[in-house]
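Each chain gets a letter, A, B and so on, in the order the sequences are listed, and its residues count up from 1. Please read these numbers as outputs of a predicted model, since none were measured by experiment.
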2 protein chains.
Amino acid sequence: MATIQDVARLAKVSISSVSNVLNGRTERLRPDTAERIQQAIQLLGYRPNQAARQLKTGKMPVIGLLVPSTANPFYGQIAAALESYAQTRHGYRVMLCNTHRDRALEARMLEDLSGFGVAAAILLSSFDDERHVEDAVARGLAVISYDRAPGTAGNRGIDHVYADNVEAGRLAAQHLIDHGHRRLAFVMPAGRTNSRDRKIQGFLRAAGQAAEPVSAQVYEGRAITAYGDSELADIGYELGQRLAAETAAPTGVVTVNDTLAMGLMAGLRAAGKRVPEDVSVVGMDNMVLAAFTSPPLTSIAMPVEPMAQAMVDRAVLRITEPDAPAEQLRFDPALVPRESVSPPPAAQPSGSRA
Amino acid sequence: MATIQDVARLAKVSISSVSNVLNGRTERLRPDTAERIQQAIQLLGYRPNQAARQLKTGKMPVIGLLVPSTANPFYGQIAAALESYAQTRHGYRVMLCNTHRDRALEARMLEDLSGFGVAAAILLSSFDDERHVEDAVARGLAVISYDRAPGTAGNRGIDHVYADNVEAGRLAAQHLIDHGHRRLAFVMPAGRTNSRDRKIQGFLRAAGQAAEPVSAQVYEGRAITAYGDSELADIGYELGQRLAAETAAPTGVVTVNDTLAMGLMAGLRAAGKRVPEDVSVVGMDNMVLAAFTSPPLTSIAMPVEPMAQAMVDRAVLRITEPDAPAEQLRFDPALVPRESVSPPPAAQPSGSRA
DNA sequence: TTGAAAGCGCTAACAG
DNA sequence: CTGTTAGCGCTTTCAA
């Protein structure tokens with residue numbers, strides 16, 4: 001690798017002049033000098049050494065990205081959106097960490113990041129408290145937290161970008177109620193998280209406020225283990241079998257996410273239930289493949305692109321202006337009706353279809 | 001951030017002693033000194049500055065990972081496997097780049113990586129030639145190329161880790177032939193790549209070597225555009241409609257990957273064809289969700305974990321031993337039969353079922 | 001308008 | 001066994 005020395009030598013100038021063109025301070029150079037330097041850079045294929053730069057300036061154009069697992073298509077999608085935007089819009093690179101929903105791992109990665117001079121991290125976590133994150137924040141790392149509503153704990157200094165999960169839960173349940181369902185279920189893996197709690201809250205609220213009495217139950221499946229996110233569909237499958245075996249089984253099911261919904265539909269089918277004729281299903285996330293399942297999955301869309309961009313923008317802002325106060329940005333989900341919802345088997349459709 | 005100085009001061013030793021424990025040269029320390037240093041490190045929450053270390057040693061414990069897009073579930077899965085293994089096994093971090101199958105982007109990212117002191121990159125590309133990569137290699141970057149068979153071009157110095165795609169194509173076609181299919185199709189997006197070519201080669205070979213005459217055709221859909229990988233399913237959908245409209249339509253279809261297969265099944269279904277009763281489908285990649293489609297998708301499994309680990313191991317080796325010669329590692333695919341394949345509508349199953 | 005020089009935090013001789 | 005020291009490549013005053 002050529003160094004700034006090599007460039008200076010070739011262009012017959014001092015290294016500070018080279019540094020000046022590198023940092024856009026061209027007003028301090030005579031045009032022809034600048035030109036000569038540019039050519040030398042070209043010729044040598046010189047790339048400034050970021051490590052040296054970081055050492056000097058203390059800043060690194062890199063954002064840390066912590067996700068449960070990119071093996072989960074939804075997180076893969078967000079990761080792609082984040083990385084591409086960070087790169088094209090701000091020239092920042094992304095360091096990827098799969099946390100597998102492991103708190104200790106998460107904390108360690110946050111620490112490691114600081115070691116690399118990474119000044120901001122985007123955290124797609126699932127833990128309710130942010131204790132382990134606050135250490136990192138105290139050390140000066142800017143953290144952008146995804147999908148955890150603020151105010152749950154002391155989270156001064158942490159940015160929050162989140163979808164209105166209460167609304168998401170409400171939207172899903174209401175859609176089912178509008179189709180005449182009166183026995184509803186919300187299904188998810190075992191274990192409460194902030195975002196799950198809020199989805200449930202919205203789900204229950206819609207049921208509670210319905211004109212006619214609606215039963216609404218929450219089913220927890222197996223917990224996600226170690227290499228977790230590939231299990232989501234399995235958990236859904238088991239839940240599908242379980243629901244099918246139930247007496248007075250729910251006719252309308254809301255799932256915590258689409259991957260689990262795909263598993264659920266498979267499990268239901270394996271147990272002899274048809275979707276949507278016997279059981280209607282509403283997923284969440286509206287991942288790309290949701291449109292291609294059989295039947296196509298009705299889902300609650302989270303505005304992935306805008307949220308991804310907001311997170312990156314915040315991360316960059318917190319790096320360039322460390323004193324900027326943390327913000328809370330809420331985004332609205334939207335129902336995407338497809339074919340996995342129909343009126344329940346016995347019931348007559350109530351007049352009030354959506 | 002605490003520095004090595006702070007630690008030395010607190011432990012009342014010189015910085016070189018601290019450096020020695022940091023780098024595991026504990027045999028040069030008295031146990032109690034080492035112990036004191038450890039405590040100081042703990043107390044201060046000290047993390048060595050990687051930039052400074054890199055500047056000194058020229059090495060950085062980071063691997064570059066270039067994928068078309070983690071929004072494609074298959075690449076998301078590989079990315080997760082790679083990152084987790086690199087981290088837990090070797091303590092290496094991963095810098096992620098979504099190339100969107102854009103050659104210029106790919107080249108630029110490779111350059112950037114060098115600027116960060118990243119000494120090895122894993123490249124999941126789709127371009128046949130490796131011209132743009134060779135510049136990077138010449139500059140000293142170790143490149144591990146995925147799923148591109150060696151020998152296609154001058155690729156000295158580039159490691160290759162790939163699945164036997166010819167065998168994958170053969171396996172898929174043979175499975176269909178064994179079920180009695182005599183009109184086969186291979187479907188994919190427009191545009192040839194090395195891995196697609198090899199899959200087709202195997203597909204055609206199986207058809208050509210069948211005991212009875214088998215027609216085998218290749219269908220190219222629309223090309224993947226810019227933000228491409230989320231389109232794969234769309235392309236499959238269109239292809240499904242197109243196949244369904246065909247007179248003497250193929251009864252057995254092999255798809256270049258599972259995501260496209262999901263789209264294909266949806267398109268077929270929308271056009272009134274049933275899978276597998278009217279059309280049998282074999283996907284490739286055996287992604288997690290393949291087991292949960294309706295019907296569950298028969299697929300050709302690529303050994304993702306072993307391949308991911310091999311790539312990371314190679315990358316680390318090439319960093320630690322720059323003189324190690326490049327290697328070519330081939331992995332064998334395997335058929336995973338599920339329910340998307342049955343005998344063709346009219347035909348009697350031939351005796352020779354798999 | 002250009003150049004000289006002082007470190008940023010760390011490693012690895014080398015000297016004690 | 002422990003400490004001193006010379007840079008790694010770069011940015012950034014400060015002088016010339």
Side-chain angles (χ1 to χ4, degrees), chain A residues 1-38 40-41 44-62 111-119 139-140 320, chain B residues 1-38 40-41 44-62 112 114-119 139-140 320:
Chain A
M1 286 288 292
T3 74
I4 198 172
Q5 279 279 9
D6 301 327
V7 177
R9 196 153 35 216
L10 183 59
K12 301 202 190 310
V13 295
S14 75
I15 58 170
S16 36
S17 294
V18 180
S19 175
N20 280 333
V21 336
L22 250 34
N23 294 284
R25 284 184 288 271
T26 37
E27 73 282 2
R28 299 195 196 168
L29 285 286
R30 224 181 313 162
D32 61 307
T33 318
E35 176 58 23
R36 201 143 34 89
I37 295 174
Q38 288 291 10
I41 290 176
L44 267 48
Y46 166 74
R47 318 290 307 179
N49 180 326
Q50 295 291 345
R53 189 172 254 178
Q54 199 271 82
L55 196 54
K56 193 67 196 171
T57 63
K59 302 222 168 298
M60 185 88 154
V62 174
E111 286 194 350
D112 266 34
L113 249 20
S114 306
F116 283 103
V118 173
R139 271 199 334 270
T320 50
Chain B
M1 287 288 293
T3 73
I4 199 171
Q5 279 279 8
D6 301 326
V7 176
R9 197 152 36 217
L10 182 60
K12 302 203 191 306
V13 295
S14 75
I15 58 169
S16 35
S17 293
V18 179
S19 174
N20 280 333
V21 337
L22 251 34
N23 294 283
R25 285 184 286 269
T26 38
E27 73 281 4
R28 298 196 196 168
L29 285 286
R30 225 180 314 161
D32 60 308
T33 318
E35 176 58 22
R36 201 145 32 88
I37 295 174
Q38 288 291 7
I41 290 176
L44 268 48
Y46 165 75
R47 317 289 310 178
N49 180 325
Q50 294 292 343
R53 191 173 253 178
Q54 200 272 82
L55 197 53
K56 189 66 194 173
T57 64
K59 302 219 169 301
M60 185 87 153
V62 173
D112 266 33
S114 306
F116 283 103
V118 173
R139 271 201 331 275
T320 51

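Here B/Lys56 pairs with nothing under the side-chain contact (heavy atoms from CB on, under 4.5 Å) rule; sequence neighbours left out. With sequence neighbours excluded, the residues satisfying salt bridge (Lys or Arg N to Asp or Glu O under 4.0 Å) with A/Glu111 are B/Arg47. Applying the side-chain contact (heavy atoms from CB on, under 4.5 Å) criterion to A/Ala40, with sequence neighbours excluded, gives A/Val7, A/Leu10, A/Ala11. Residues passing the side-chain contact (heavy atoms from CB on, under 4.5 Å) test with B/Gln38 are B/Val21, B/Ile41, sequence neighbours excluded. Under the side-chain contact (heavy atoms from CB on, under 4.5 Å) criterion, B/Ala51 pairs with A/Ala51, A/Gln54, B/Asn49, not counting sequence neighbours.
We find that NZ of B/Lys59 is positioned 16 Å from C1' of C/dC10, with the value rounded to whole Å. B/Leu29 has its CG atom 15 Å from the P atom of C/dA12, to the nearest Å.
For the contact set between residues 49-57 of chain B and DNA chain D, defined by any heavy atom under 4.0 Å, the members are B/Leu55, B/Lys56. Applying a 4.0 Å cut-off to non-hydrogen atoms, the residues of residues 2-15 of chain A that approach DNA chain D are A/Thr3, A/Ile4, A/Ile15, listed by residue number.
Residue A/Gln50 holds its CD atom at 7.5 Å from CG of B/Asp112, rounded to the nearest 0.5 Å. Annotation: the span from B/Arg28 atom CZ to B/Thr33 atom OG1 amounts to 14.5 Å, rounded to 0.5 Å.
Every pair passing salt bridge (Lys or Arg N to Asp or Glu O under 4.0 Å) that includes a residue from residues 6-16 of chain B is listed here, sequence neighbours excluded: B/Asp6-B/Arg9.
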Exercise. Would B/Leu29 and B/Ile37 count as a side chain to side chain contact (heavy atoms under 4.5 Å, CB included) if you check the C-alpha gap in whole Å, the side-chain angles of each, and the deciding distance to 0.1 Å?
Worked result: CA-CA 10 Å; B/Leu29 285 286; B/Ile37 295 174; 4.2 Å; yes

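Comparing the helix axis at one end of the helix from C/dT1-D/dA16 to C/dG16-D/dC1 with that at the other, each defined from 5 consecutive pairs, gives an inter-axis angle of 40° (nearest 10°).
Residues A/Met60 and B/Met60 come closest through the heavy atom pair CE-CE, 4.3 Å. In terms of heavy-atom proximity, B/Leu22 sits nearest to B/Tyr46 at CD2-OH, 3.6 Å. Considering all non-hydrogen atoms of both residues, A/Pro61 and B/Phe116 come closest at CG-CZ, 4.0 Å.
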All N/O contacts under 3.5 Å from nucleotides 13-15 of chain C to the protein, with atom names and distances to one decimal?
none

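Each of B/Glu27 and A/Tyr46 has a nearest nucleotide on DNA chain D; the 5'-most of these lies closest to B/Glu27.
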Using atom types as modelled, flag every donor-acceptor pair under 3.5 Å from a side chain in residues 13-20 of chain B to any protein atom, sequence neighbours excluded.
unit_1  : atom_1 : unit_2  : atom_2 : d
B/Ser14 : OG     : B/Ser16 : N      : 3.4
B/Ser14 : OG     : B/Ser16 : OG     : 3.0
B/Ser19 : OG     : B/Asn23 : ND2    : 3.4
B/Asn20 : OD1    : B/Arg25 : NE     : 3.0
B/Asn20 : ND2    : B/Ser16 : O      : 3.3

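From the 5' end on, the contacts that DNA chain D makes with chain A at under 4.0 Å to a non-hydrogen atom open and close at D/dG9 to D/dT12.
Nucleic acid contact class of B/Asn23 (heavy atoms, under 4.0 Å, all strands): sugar-phosphate only.
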